[in-house]
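The structure displayed is predicted, hence computed values, not measured ones. Any value given below was found using the heavy atoms of this structure, including those in side chains, with hydrogens, waters and symmetry copies removed. Proteins come first, then strands; the chains are lettered A, B, ... in the order of their sequence lines, and each starts at number 1.
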Amino acid sequence: MYGTPRTRRRRRSSSPPSVPPFSGHWSLFRRCCAGDWGAMIDRMILRNDPERVRKAVAAKKCVCLLDEWLSMDERLRVASSEADGLRALRNSLSLRVSALKKAGQPAEEAMEESRATGERIALIERDTKALETSMLDIQLSIPNIPDPDVPLGGEDANHEIRRWGAPPVFDFAPRPHWELMKGVYEPEAAGEIAGSNFILFRGWAARLQRKLINWMLDNHHVAGMEEVWPPFLASRESVTATGQLPKLEEDMYRLERDDLFLIPTGEVPITNLYRGAMLSESALPVKLCGYTPCFRREAGSYGKDTRGLNRVHQFEKVEMVWLTHPEGSRNAHESMLAHAAGLLEHLGVHYRVLLLASGDLSFSAARCYDLEIWSPGQEKWLEVSSVSNFHDFQARRGNIRFRPDGGGKPMFVHTLNGSGLALPRLISTLVETFQRADGTVDFEGLLSRLVIPEKSGSAQ
RNA sequence: GGAGAGGUGGCCGAGCCGGUUGAAGGCGCACGCCUGCUAAGCGUGUGUGGGGUGUUGAAUCCCACCGAGGGUUCGAAUCCCUCCCUCUCCGCCA
C-alpha cells in the first residue's frame, strides 16, 4: 500500500572513518558528486539565484559561505569538463588498444598515451575531489528557504494566527505543576540516576503519560496514519538527512564509539525510514506517526525556562511524519496542524497557533506553525507542537523520491512533520488545568477526556 | 564476537576465467496494434545524475555511476585490499 520503503541495497554506504573528513557523510559526498542530492537546495538555485539564497540565510540568522561556493562551482565546472574530455580520450585509446591486439598488431604506442592521459586525469581528480568536499560542506550548512508568507524577523515577529478556548478559571490561586506533582514527579531522583534536568515520573504521573501516548497514537491511527516504532539511535547519515547535522551536533547526545546519536526527535528515524526510497506517485501521501523519546543536551540553555517540566534532556513525544506530493504539501501542512490542534481541543486545553517568523524557523523548515498551550499555574504559553513543512529539503538530503504516474523523471517528495504531541509540557498544563483547591488533581476527570476514538476499518 | 553466502536498473535476476555490458532475460510502466467491452496477445520504447552544443524546452554529443572507498591495468560490474549492510550457522545475552 505504501510501496517499498526503499531498496535496501542502494542506500547503505560505507562507514565514516574514525574522524569524518567533513561534517556530512560519505554517501552524501558521493551523492553530491553524482547528482543533486546531498544539497539541501537545488544546486541550480544556488548557481542561478544566489541572491534568493543569501536573503534566506540572513532571514534565518544563519551564516554560510555562498560566495566561496559559487567560485568553487566555477572552478569545478572547468576542471571536471577538462577531466571529462581526457576520459573520453582515454576511453577511445583503450578501444584502439583492444582493436589492435585483436588484430595482432603492436599497441604499445596507444597504451603509453593512455597511461599518460590517466596520469593527467588523476591530477585533475585530486583537485576536483577537494573542491567537491568543500562545496558539500557549504551546501549542507545552507538552511532551507522560508516560504514567501513567512514573517521576517526573530521570535518577536512570530504571527499569532488564532486562539482556541479560554484560560481555565479558578476560585483559588492555581499552583504550578511542580507543587501539584509532589510524589509523582521527582526531579531529584532523576538527578541521582542520570543528572539534572531529567524526568522521573511514578504513580499516576507515569500512568498518565503512558495513557496519553496511547490515546494520541490511537487518534493518529484512526486518522489513517501508519504507526512506526523506530530505533531511538540514529546514524550520522540519518541525522544529516533530516538536517539536524551539521548545525546541531553540540545539541545532541552522541555515542562516541559507534558514532550514533540519541535521536533529538522522532522525525529523524521516521523520516529516514524512507531514505533512498523510490515511491510511486499513487503511494503518496505517506502518513506515519510514532512514539519516541527525544534526547537533547540543551547546551547553553541553563537558567532559561528550566523550572519543572519545561526544559529537560529527555522527553517523550508522539510525532507525525508525512511524505507528500510537492503540490500537496501546503494543504497537508494545514491538515496536520488541524489534526494536532484537534487533540488539544479534545483535551479542552486553551491554545494558540503561531506562524513562526523566519528567524525562529528551524534550519530545515520552510514554514512552521507552533501550537502553544496556556499553563495556568505558570501563567505563560508553552510550546507543545511544531508543525513544519520542509518542502524538498529533507527529501534531497535523504534522496526520497517518487516516480510520476505515467512515467517521467523522478521527483523529490515534500516532507512534513509535527508533534502530536510533546508530553512534559502537556502533562504539566493538564495537571495545572485539572487541579483542585486543596492541591490535588482531578485525575479521573482528566482521564475522561481520553476517549479512544472509533477504530477505522483498515488496520495499518 | 567467530564462520560462510550475498549486495547489479522502478522491481526480480543474468553477467563476475577484464575489452561496443549502461549492462541479457523477466516483471512493471508508456505508446501503438488487435479483440464488440474487459482480460489475454503482438509490436515499439523505457535508468539516474553531471557537463557541452542547440531549440525553447524537440534534439544531439561527452562524462560518471553495478553497496562505499582505495588499488592493479592501456582498459574493471568483472581481479586485489579495506569498510558498511543483508541473510544463514555458531557463541553471548535481555
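- Within the shown strands, B:A3 is the pairing partner of B:U88 under the Watson-Crick or G-U definition, both distances less than 3.5 Å.
- Only the C1' atoms considered, B:A59 is 47 Å distant from B:A5, to the nearest whole Å.
- Under the Watson-Crick and G-U wobble criteria, each requiring two contacts below 3.5 Å, nucleotide B:G9 is left unpaired.
- Comparing B:U73 with B:U88, their P atoms sit 40 Å apart, to the nearest whole Å.
- Separating the CG atom of A:D259 from the P atom of B:C85 is a distance of 12 Å, rounded to the nearest angstrom.
- Between A:R403 atom CZ and B:G47 atom P the separation is 9 Å, expressed in whole Å.
- Checking B:A64, B:G75, B:G10 against every side-chain atom of A:R87, the shortest atom distance belongs to B:A64.
- Applying the 4.0 Å criterion to OP1 and OP2 of B:G70, one finds that A:K129 has a side-chain N or O inside that range.
- For A:R403, the side-chain contact (heavy atoms from CB on, under 4.5 Å) criterion is met by A:M278, A:P410, not counting sequence neighbours.
- Between B:C84 and A:R236, no contact under 4.0 Å exists linking OP1 or OP2 to a side-chain N or O.
- Base-pair partner of B:A64: B:U48 (Watson-Crick or G-U wobble, both distances under 3.5 Å).
- In this structure, the CZ atom of A:R90 is 11 Å from the P atom of B:C63, given to the nearest Å.
- When each of A:S98 and A:R77 is assigned the nucleotide of RNA chain B bearing its nearest heavy atom, the one mapping closer to the 5' terminus is A:S98.
- Comparing the same atom, C1', in B:G26 and in B:C80 gives a spacing of 34 Å after rounding to whole Å.
- Listed pair A:K409 / B:U48 meets the phosphate criterion, a side-chain N or O lying under 4.0 Å from OP1 or OP2.
- For the pair A:T292 and A:E316, the minimum side-chain heavy-atom distance is 4.5 Å or more.
- Among the atoms of the strands shown, only primed sugar atoms or phosphate atoms (P, OP1, OP2) are found under 4.0 Å from some heavy atom of A:R47.
- Counting heavy atoms from C-beta outward, A:Y185 and A:R202 have side chains that stay 4.5 Å or more apart.
- Comparing B:G50, B:C62, B:G47 against the side chain of A:A88 picks out B:C62 as the nearest.
- Between A:N91 and B:A64 there is a side-chain N or O to OP1 or OP2 distance below 4.0 Å.
- The partner of B:C33, taking Watson-Crick or G-U wobble pairs whose two distances both stay under 3.5 Å, is B:G41.
- The side chain of A:D84 has B:G50 as its nearest neighbour among B:G51, B:G50, B:G19.
- Looking at heavy atoms from C-beta onward, A:H313 lies out of side-chain contact with A:F295 at the 4.5 angstrom threshold.
- As rounded to the nearest Å, B:G71 and B:A76 have C1' atoms that lie 11 Å from one another.
- Spacing of C1' atoms, B:C66 relative to B:G9, comes out at 9 Å, to the nearest Å.
- What separates CG of A:D73 from C1' of B:G50 is a distance of 11 Å, to the nearest Å.
- Comparing the same atom, P, in B:G67 and in B:A14 gives a spacing of 14 Å after rounding to whole Å.
- Residues A:F412 and A:H391 place their aromatic rings such that the two centres sit no closer than 6.0 Å.
- Going from the P atom of B:G15 to that of B:C79 covers 12 Å, rounded to whole Å.
- For A:P410, the side-chain atoms get nearest to B:U48 when compared with the rest of B:A64, B:U48, B:G10.
- Side-chain rings of A:F363 and A:F393 approach one another, their centers coming within less than 6.0 Å.
- For A:S362, the side-chain contact (heavy atoms from CB on, under 4.5 Å) test picks out A:A365, A:F390, with sequence neighbours left out.
- Distances from the side chain of A:M278 to the nucleotides B:G75, B:G10, B:C62 place B:G10 closest.
- Across every strand in view, B:U53 sits in a pair with B:A59 that passes the Watson-Crick or G-U test at under 3.5 angstrom.
- Across all strands shown, B:C81 is found opposite B:G69 as a Watson-Crick or G-U wobble partner, with both distances under 3.5 Å.
- Comparing B:U48, B:C63, B:G75 by their closest approach to the side chain of A:R401 singles out B:U48.
- For B:G75, neither phosphate oxygen OP1 nor OP2 lies less than 4.0 angstrom from any side-chain nitrogen or oxygen of A:R96.
- Across all strands shown, A:K101 has heavy atoms under 4.0 Å from base atoms, whether or not it also approaches the sugar-phosphate.
- In a base pair of the Watson-Crick type (N1 to N3 plus N6-O4 or O6-N4) or a G-U wobble (N1-O2 and O6-N3), with each distance short of 3.5 Å, B:A23 is matched with no nucleotide.
- For the P atoms, the distance from B:A3 to B:G91 is 15 Å, rounded to whole Å.
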